[in-house]
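Let me begin by presenting the structure, written as structure tokens, before commenting on it.
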Amino acid sequence: MAHTREILSLQLGTYANYVGAHFWNQQEANFCYGDGDGDDQVAEEHLLHNDILYREGLNSHNRTTYTPRLVSVDLAGTLAHLPLGGELYGNFVQRDEELLPFGTGEDLNKTRQRVEESGVAPTSQLELQEEPPTQLSEYQRDLMKNSVVPDKDYQLAETVRSWPDFLYARYHPRSLNVLPGLARSPVHQTISTYSAGAALWEEASFNEELTDRIRLYIEECDGLQGFHLLFDIDDGFGGLAGKCLEHLNDEYGRASFVVPLHYPRATSYPQADSRLSHSIRVANTILSYHNLSEQATMFTPLSTLETIWRNTNLKSRTLSGLQWQPDNLYQTSGLLAAFLDTATLGYRLRNTPESLMRFCDRVTPSGRKMTAAGLALPLGVGEGQDLIEFLDQSGDHALLTQLSPGCEPGTSYVVQSVTARGIPLERLKRPREKAGDQMRMAAYGCDSVSQMLQLYYQCSYHGSVTNAASTPLPLKSQLPFPYEIFGAGMNSSGFRLPGEAEREPGLRVDSVPALAAIQNSTQLGEHLDNLHAQTHRIQLAKLLAYNNCSLERDEYETALDQLLEFRDLYADSQYL
């Protein structure tokens, strides 16, 4: 019997946990439980192998739990209602908001009585500690009562204060970690610099606990294949992620797919105006890229912003058929999570020969570890339209929108991994008796969505190499996904309506076909050129935040020099 090829996920930073919350919600939305789950007609190889990302366990009541294999790190004040030890293993009791007001003796006595009746702990060992009340989001209140109304407007885009407000998935007790003594600030970044984050890793108590939790997860694995690492690159979590990645390489030596995340809004730092804040952001990115170019197997910067360098008007990317608030963390993180979920499907399907290492190696030739992200959500296929017809009519129009800021891979000499979802085989092409002009197309000989996509890119992208994968399972867009971003011009299954037709009022988009790609080409060198150009405006001695962290000038200069060496790998002379 083949071993499960497990992946351990790490989320470091507040925005990383926003993206992660949507990602894990999406995994649970796609769980298949056998007969009657609605996916009986999907071939085995097109279903997800959930054990790659999830672990099975037992709680104190001997009930089976199924939780993400995840280590999450965030600031104090971001966990909202979530207890630090998780919710599944009998280590806390949720107080009933409909009892008496919090803080009264009668309320606490009733809570004690419920704890004793639940059998969480023997009465002799019971110590009741009152936590300050946390305001639950309306969605979470209904979720705890198992009374979520799918068609109800919970207004999550307006009311979400932190990622636990929309988290549907439940985490293992060792998943959640909070940085000691550091609380979330509504005004500026709590950990300003890469160097400050790296110093946090060196704190013995935090380091020992976090590395122990990583080790315990890995010891449970039969065939660990590597790591997914998401982190906030604009602040000190970049330094924490850099040190963590070094630890993973030193101790375990497995493949790592790393995703640096840029906030979709202006970032500010203590005692820094907008100009100095930009300089700190650039310095953080320089030091992170230096580390990633040496330590990561592959890294893909993600943001909904067009560019992160002096983007004073915060201009956002646009996707046809979608509308979102450019600086909304809940909505933008949902979009980035949709990309991650789709792009990584190729090595997470059942019976797939693909692995995380092969996936990374395919798109990182000549040491080009930095890649770009492209997404089509929705894909844009019309209602009743076949894929072959849609691709033929797309002409020179690019299918994908870039989600890596300042990265445009172009259409020549591109190496890419493309994943399509939500296109059933019967929508590939018309049957022979109705094919008509389709039979004259070379693509009519394709027998799968992946074959047709490979042929399409072979014809459309000069001198490029494409590896394509597909599954008929669409992206699920029900609550708590930000379904409100979908325009009225598509039906409930995410297919484009004809002409100016609109979806019936009150009808929501439940699922969406999508296309995601991770791409590499010589043109990505321009992203590194633009980053290096920003360093000429930085006067390191004036960056008080970095002076306080004892960043040596030589260390910064070394990172700059190696960034230029890394950029040379994207020169035209380095053939794919």
Donor-acceptor contact present, side-chain [X] to main-chain [Y], <3.5 Å:
| X | Y | result |
| --- | --- | --- |
| Glu6 | Gly223 | yes |
| Asp235 | Ser192 | no |
| Asn249 | Gln295 | yes |
| Arg213 | Arg174 | yes |
| Thr364 | Gly367 | no |
| Arg55 | Glu220 | no |
| Asn207 | Trp201 | yes |
| Ser162 | Thr78 | yes |
| Asn25 | Phe166 | yes |

Considering only heavy atoms from C-beta outward, does the side chain of [X] approach that of [Y] to under 4.5 Å?
| X | Y | result |
| --- | --- | --- |
| Ile233 | Asn284 | no |
| Tyr570 | His527 | no |
| Ile218 | Phe227 | yes |
| Leu305 | Arg317 | no |
| Tyr171 | Val71 | no |
| Pro260 | Phe231 | yes |
| Leu515 | Thr419 | no |
| Val415 | Pro365 | yes |

Under a 3.5 Å cutoff, is there a donor and acceptor pairing between the side chains of [X] and [Y]?
| X | Y | value |
| --- | --- | --- |
| Thr304 | Thr332 | no |
| Gln27 | Tyr168 | no |
| Gln189 | Asp232 | no |
| Asp74 | Thr14 | yes |
| Tyr217 | Ser175 | yes |
| Gln416 | Thr466 | yes |
| Asn30 | Gln26 | yes |
| Asn17 | Ser72 | yes |
| Trp163 | Gln11 | no |
| Asp51 | Tyr66 | yes |
| Gln402 | Glu306 | no |

Closest heavy-atom pair and its distance - [X], [Y]:
| X | Y | answer |
| --- | --- | --- |
| Gln519 | Val414 | CB-CG1, 4.1 Å |
| Pro472 | Pro424 | CB-CA, 4.1 Å |
| Thr352 | Arg5 | O-NH2, 3.0 Å |
| Pro409 | Ser521 | O-OG, 2.7 Å |
| Ala516 | Phe339 | CB-CD1, 3.8 Å |
| Gly238 | Tyr194 | O-CE1, 3.3 Å |

Pair Tyr330 and Trp324, ring centroids less than 6.0 Å apart: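 Aromatic pair excluded; centres sit 6.0 Å or further apart.
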Using the benzene-type ring in the case of Trp, are the ring centres of Phe31 and Tyr54 under 6.0 Å apart?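 Aromatic pair counts; centres sit under 6.0 Å.
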Which is it for Ser450 and Ser448 under the side chain to side chain donor-acceptor pair (under 3.5 Å) test, yes or no, and what are the steps along the way? CA-CA 5 Å; Ser450 56; Ser448 67; 3.1 Å; yes
Trace of the side-chain contact (heavy atoms from CB on, under 4.5 Å) decision for Cys446 with Leu455: CA-CA 8 Å; Cys446 297; Leu455 179 61; 3.9 Å; yes
Show your working on side chain to side chain donor-acceptor pair (under 3.5 Å) between His49 and Tyr347 and close with a plain yes or no. CA-CA 9 Å; His49 189 350; Tyr347 56 88; over 6 Å; no
Mind checking what makes salt bridge (charged side-chain N to carboxylate O under 4.0 Å, His left out) contact with Glu219, not counting sequence neighbours?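 Counting only residues at least two positions away or on another chain, Glu219 forms a salt bridge (charged side-chain N to carboxylate O under 4.0 Å, His left out) with Arg215.
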Which residues pass the salt bridge (charged side-chain N to carboxylate O under 4.0 Å, His left out) test with Arg254, sequence neighbours left out?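 Per chain and number, Arg254 pairs via salt bridge (charged side-chain N to carboxylate O under 4.0 Å, His left out) with no residue.
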Evaluate the criterion side-chain contact (heavy atoms from CB on, under 4.5 Å) for residue pair Ile7 and Gln225; output intermediate values, then yes/no. CA-CA 6 Å; Ile7 291 174; Gln225 61 172 315; 3.6 Å; yes
Where do Glu354 and Arg362 land on the salt bridge (charged side-chain N to carboxylate O under 4.0 Å, His left out) test, with the steps shown first? CA-CA 10 Å; Glu354 191 78 327; Arg362 287 180 189 276; 3.0 Å; yes
Given Val418 and Asn467, is the side-chain contact (heavy atoms from CB on, under 4.5 Å) satisfied, shown in steps? CA-CA 6 Å; Val418 177; Asn467 181 65; over 6 Å; no
Worked check of side chain to side chain donor-acceptor pair (under 3.5 Å) between Thr371 and Thr300: CA-CA 5 Å; Thr371 56; Thr300 308; 2.6 Å; yes
Check against side-chain contact (heavy atoms from CB on, under 4.5 Å), Leu10 and Leu70: CA-CA 6 Å; Leu10 300 100; Leu70 167 69; 5.9 Å; no
When the ring planes of Phe257 and Phe359 are compared, do they come out parallel, tilted or perpendicular, using 30° and 60° as the limits?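 Answer is perpendicular, since the angle exceeds 60°.
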Flag the pair [X] and [Y] as a salt bridge only when some basic side-chain nitrogen lies within less than 4.0 angstrom of an acidic carboxylate oxygen.
| X | Y | result |
| --- | --- | --- |
| Arg368 | Asp568 | no |
| Lys369 | Glu294 | no |
| Arg421 | Asp341 | yes |

Tyr289/Phe299 under ring-ring contact (aromatic ring centres under 6.0 Å, His included): CA gap, chis, key distance, verdict: CA-CA 9 Å; Tyr289 275 25; Phe299 68 98; 5.4 Å; yes
Show, in sequence, the C-alpha distance, side-chain angles and deciding distance for Tyr15 and His262, and conclude whether the ring-ring contact (aromatic ring centres under 6.0 Å, His included) test is met. CA-CA 8 Å; Tyr15 196 48; His262 290 279; 9.8 Å; no
